[in-house]
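Just below is one structure, and these are the notes that go with it.
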Amino acid sequence: MTEPLIALDHVSMVFKARRGGVKAVDDVSLSLEAGEVLCLVGESGSGKTTTGKIVAGLLKPTSGSVRFRGQDIWQMDKARFKAYRRAVQIVHQDPYASLNPIHTVFTILATPLQRHGMVRGRAEAVRRVLELLETVDLTPPESFLFKYPHQLSGGQRQRVSIARALTVNPELIVADEATSMVDVSIRVSLLNTLQRLRDELGVGFLFITHDLAIAKYFAWHGRVAVMYLGRVVEFSPTPALINDPQHPYTRALLAAIPEPDPDLTRRKGKLQLRSLDIPSLLHIPPGCSFHPRCPLFEAGLCDVQRPDLVPIDEKRLVACHVVARERTGTIAKHAASPVGISSDPVIGADLGEYGKESS
Amino acid sequence: MAAWQRSSASNGTPAPVLSVRNLEVRYFTRAGTVQAVRDVSFDLHAGESIALIGESGCGKTTLGLALLRLLPKGARIVDGEIRYRRRNGQVIDVLQLDQEEIRRFRWQECAMVFQGALNALNPVLRVWDQMLDTARAHAALSRDEVRERSERLLRMVQLEPERVLNAYPHELSGGMRQRVMIAMSLLLDPQIIIYDEPTTALDILTQRAIIEVLRSLRDQLDFSMLFISHDLPLAAELADRVATMYAGKIIEVGDVREIFYNPRHPYTLGLIKAVPPIVGELYDISSIPGTPPNLIEPPSGCSFHPRCPYARERCAREVPPLYEVGSLHTSACHYWQEVKLERQVVETGD
Amino acid sequence: MAQAARPGQLELAPPGLGQRLATAVKVFFRLLAHSKAGFLGFLGVLFFVVLALAGPIIVPDAGRPDMTKIYQPPSLEHPLGTDYEGRDVLKQMLRGGRAIIVVAVLAATLSTLISIAFGALAAYAGGWLDSLIMMLTDVVLTIPQFPLLVVLSAFVKLDRPWLLATLIALLSWPTLLRAVRAQVLSLKEREYVEAARALDLGTTRILFGEILPNMASYIVMSFTIGMTAAIYAQVALYFLGLAPLAGENWGIMLNLAWVRGAIFYKDSLMYILAPVLAISLLQLAMVTMSRSLEDVFNPRLRES
Ligand SMILES: Nc1ncnc2c1ncn2[C@@H]1O[C@H](COP(=O)(O)OP(=O)(O)OP(=O)(O)O)[C@@H](O)[C@H]1O
Ligand SMILES: Nc1ncnc2c1ncn2[C@@H]1O[C@H](COP(=O)(O)OP(=O)(O)OP(=O)(O)O)[C@@H](O)[C@H]1O
Ligand code: SF4
Ligand code: SF4
Ligand SMILES: [Mg+2]
Ligand SMILES: [Mg+2]
């Protein structure tokens with residue numbers, strides 16, 4: 001059996017905070033095949049960026065394992081780890097913070113090329129950099145070579161960031177809100193560029209966004225994982241998720257999003273939530289963390305037992321007692337962990353040897 | 001004689017509460033003169049909600065600030081008229097008001113919730129103190145009156161007055177702060193409220209709460225709304241009419257359904273095609289080529305011509321006027337007849 | 001620069017070092033000229049540096065003592081009057097800058113180097129190394145610096161410039177180190193640094209290629225601040241007579257003027273005032289110059 005490119009296995013990340021720990025990622029298991037597009041959606045603070053950094057090996061999870069082609073990255077020898085590092089690249093959200101202001105586009109792109117011996121000599125570096133600029137649709141590439149980041153627009157900077165990620169021929173790009181900070185009118189062309197990389201270079205994407213419309217467009221042939229307070233609550237192929245959402249939270253999200261169509265949006269049935277406020281990560285509700293807001297809430301069940309992410313059919317996983325019962329007749333019970341563990345800010349026992357954060 | 005009087009008389013509708021004609025706003029900067037608002041004219045009628053949409057930097061905020069004469073240093077209204085009709089029918093010229101009058105005009109007649117309002121509350125004052133300060137600064141109200149009004153308004157925006165009034169801003173979530181700002185804008189019962197990006201930077205569920213609050217407020221109270229957004233779905237959701245802005249100009253105005261189903265300006269069309277609906281099939285989406293214009297030297301003729309797929313030679317030469325393209329629908333495009341929205345379904349859902 | 005920003009222009013050859021240097025110098029002057037105070041400061045510093053280097057060459061010796069000319073008022077022959085031994089004050093002024101400035105530059109260089117090296121190391125490595133360095137820093141920081149200098153001067157004969165410089169530097173690095181560490185810590189979290197880590201560019205390159213260059217203005221400013229501190233420390237040592245009064249410099253002049261009672265003669269006002277003024281002006285020039293340096297290093301500001 002072939003191993004997935006990246007697999008997260010029961011990964012949790014607890015940040016030390018002044019008052020106890022912040023469980024930014026809570027027991028997440030995901031896997032990504034080579035060339036696959038996986039979208040991570042969720043609201044602010046749901047742990048998307050943290051998960052992305054864990055996938056890119058920039059953060060070491062406090063528990064659980066991250067495997068690259070079957071090998072635990074935090075147990076690898078140095079050479080393997082470096083190879084993995086290069087195979088997974090990251091493109092950040094903020095086009096103004098992701099490029100070093102003191103370097104020209106050429107320096108930004110040539111440095112990794114030269115460092116990893118991918119080009120010999122200056123002429124070849126220039127040639128390859130021009131090629132990369134063209135790949136990300138910065139044309140004519142010559143005019144961008146010796147520009148400083150501040151001489152570029154937000155969209156152009158984002159393209160340089162993407163080109164930089166491509167220098168090391170990655171297999172997976174973690175795109176963290178890579179399109180959210182550029183204007184609507186430019187966003188689509190940026191997405192198209194990314195889509196072309198996927199189609200032509202076979203690069204896989206962990207595409208992080210809070211915008212379901214973008215997720216739908218970019219990952220139509222892929223899957224979407226919906227995160228809420230550090231946990232994945234629904235994991236489905238994109239068309240199914242968009243048009244037949246299962247988890248009450250996903251349903252609420254989809255019902256809440258205004259549509260760019262006056263009739264449609266005013267007709268759309270709105271799901272009534274029981275509370276508007278997102279709980280703090282320092283006080284995650286016990287049982288299902290969505291229960292204080294969930295319209296399907298069942299007392300005595302949802303507020304005591306944490307629902308596991310369980311399959312409800314061949315393709316879809318949902319973490320909800322009520323949905324699981326309706327679809328499969330059993331309750332999504334979390335067997336391994338005692339009731340209400342997620343409300344406890346400090347998880348002592350299972351930190352083990354992962355207790356220390358690495359850099 | 002003035003255009004605003006004529007237009008109201010001719011089509012029989014009641015005169016607008018706010019009537020803007022040929023407004024020109026410039027920023028005088030070291031790099032040059034930024035023509036942030038160019039020849040903008042529009043009417044806002046009683047009880048109506050207009051959405052002003054357009055990409056970042058096209059001058060939306062500047063227009064909003066100009067209406068209240070709240071422009072920062074270095075910016076000036078160099079031309080145009082802003083007429084406001086009081087509830088008693090008296091029409092005033094906003095640009096002629098003196099300092100004291102304009103202060104009363106703000107909040108009492110026309111309030112604005114600023115872009116980035118999340119940080120607009122004073123962090124060291126309790127919400128109640130800020131409510132009181134605002135009310136006192138702009139109108140003669142007793143403490144009890146302010147108390148009574150703020151409690152009523154806070155309940156309308158679905159907040160608990162007891163808790164919120166005694167809270168410091170940092171104790172409230174972003175959505176709660178935004179709702180406080182909305183309640184505050186209504187404190188002096190203005191006829192017009194300008195909301196600049198009321199939902200930007202808020203989560204989807206919070207955005208939804210704000211939308212519902214605004215909608216129910218409009219049902220219960222009597223005010224007109226001008227809201228500024230780069231978010232098309234928000235306009236579809238809340239607006240009666242939509243005005244598209246590009247490079248400092250209003251280039252298309254029409255009824256919300258007209259604009260979304262029958263846009264007649266290539267730029268509006270481009271925006272709509274860049275933002276697909278969420279539910280349902282996968283539509284073909286496309287972006288507007290090129291980059292936003294430079295407002296120091298806006299392109300000649302139709303400012304959209306460097307990016308416009310319909311552009312012809314004439315477009316670079318001749319500034320298009322606002323053509324009547326339908327009932328109460330105008331578009332500043334020479335070739336508006338050719339512009340037509342067709343959505344293409346790429347694939348249907350499973 | 002304007003021509004670089006124009007699109008469509010083909011410039012494949014990267015600018016050579018000479019060309020880049022020339023541009024840098026041009027930009028430097030343009031920006032300095034932009035802020036008038038900064039430019040004046042720059043001219044002032046330049047003046048003092050030239051003075052320090054050329055003074056002793058222009059005036060090969062300060063003249064012999066002449067008991068008939070003690071404490072003379074300014075005159076054409078002696079524009080700043082004479083001192084307690086009847087020597088010309090102006091000549092001493094011209095010769096007395098070098099020692100002070102050389103020691104200040106040495107001390108500032110040394111303390112800047114120490115703080116950058118260890119500050120960056122502490123911030124970047126983190127863990128026990130960070131704790132160790134910070135502990136040391138705190139220890140040095142809590143020692144009252146000038147009194148220690150005074151005590152040390154009783155044991156070490158501070159007759160060599162480098163010795164004096166080292167001593168001053170050893171006491172002045174902690175504040176700068178803390179600041180450097182804080183800066184590196186914040187720059188380390190920047191997204192471009194994270195990207196560099198993902199690209200496996202290596203610690204050295206990340207530190208020297210991505211982080212430190214972004215601190216250039218900061219480092220230069222700290223350097224000037226280090227220099228001003230070193231100048232004050234020296235002058236104070238000389239004035240209090242804690243460093244050997246060998247040779248000529250403004251600090252020694254001040255000491256002698258004070259000790260030999262020049263202050264009681266109204267004719268020798270300039271004798272006392274001259275070194276004080278020179279020192280103050282130099283300090284003022286450096287502070288105003290360093291203020292405007294930020295613009296010089298900010299690529300964003302190079303545009304306008
Ligand atoms: N280095 C850190 N130290 C402490 N807490 C952190 C750290 N990084 C993230 N967090 C916390 O972890 C939680 C999840 O953060 P994360 O950035 O992963 O969310 P996100 O889903 O990416 O949100 P957004 O949409 O706002 O980017 C947040 O509450 C955040 O404050
Ligand atoms: N204080 C100012 N000084 C000089 N120019 C300014 C100033 N404020 C805005 N501008 C310029 O005026 C133009 C219009 O800006 P404005 O803030 O009105 O745009 P906007 O449509 O509100 O954009 P956004 O969606 O980003 O808020 C922009 O080109 C901007 O650069
Ligand atoms: S488990 Fe209960 S509270 Fe949680 S989403 Fe399902 S129904 Fe709602
Ligand atoms: S006038 Fe010409 S350039 Fe302007 S929008 Fe119409 S077709 Fe395009
Ligand atoms: Mg994030
Ligand atoms: Mg704005």
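Order of the sequence lines fixes the chain letters, A, B, ..., with proteins taken first and strands second; residue numbering starts at 1 for each chain.
Between the OH atom of Y217(A) and the CG atom of D284(B) there is a distance of 6.5 Å, given to the nearest 0.5 Å. Rounded to the nearest 0.5 Å, atoms CG (L264(A)) and CD (E237(B)) are 9.5 Å apart. Rounding to the nearest 0.5 Å gives a distance of 4.5 Å between CD1 of I204(B) and CD1 of I257(A). Atom CZ of R266(A) is separated from atom CZ of R257(B) by 9.5 Å, given to the nearest 0.5 angstrom.
In terms of heavy atoms, A213(A) sits closest to P276(B) at CB-O, 4.4 Å.
Each of I288(B), I285(B), L238(B), V256(B) has some count of heavy-atom pairs under 4.5 Å with chain A, and the biggest count is that of I285(B). Taking V275(B), L234(B), D231(B), L232(B) one by one and counting their heavy-atom pairs under 4.5 Å with chain A, the maximum is reached by V275(B). In terms of non-hydrogen atom pairs under 4.5 Å with chain A, the most contact-rich of G57(B), P292(B), A239(B) is A239(B). Interface summary for chain B: among I242(A), D244(A), D261(A), the most heavy-atom pairs under 4.5 angstrom belong to D261(A). Among R187(A), E259(A), H210(A), Q156(A), the residue making the largest number of heavy-atom pairs under 4.5 Å with chain B is E259(A).
Within the 4.5 angstrom heavy-atom criterion, no atom of L190(A) approaches chain B. Interface remark: D263(A) contributes backbone and side-chain atoms alike to the contact with chain B (heavy atom separation under 4.5 Å). When heavy atoms are compared at a cutoff of 4.5 Å, Y261(B) approaches chain A solely by way of its side chain, counted from C-beta outward. Within the 4.5 angstrom heavy-atom criterion, only backbone atoms of A255(A) (N, CA, C, O) approach chain B. Residue contact with chain A, scored on non-hydrogen atoms closer than 4.5 Å, involves the backbone of S286(B) exclusively.
Counting heavy atoms from C-beta on, the side chains of S287(B) and I186(A) never come closer than 4.5 Å. Taking 4.5 Å as the limit, some side-chain heavy atom of P258(A) sits within range of a side-chain heavy atom of R208(B).
No donor-acceptor pair closer than 3.5 Å links the side chain of D203(B) to the backbone N or O of E43(A).
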field: Residues V188(A), K273(B); criterion side chain to side chain contact (heavy atoms under 4.5 Å, CB included); working and verdict
entry: CA-CA 10 Å; V188(A) 178; K273(B) 283 178 92 170; over 6 Å; no
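No more than 12 heavy atoms of other residues, nucleotides or ligands shown are found within 6.0 angstrom of CD on E297(B).
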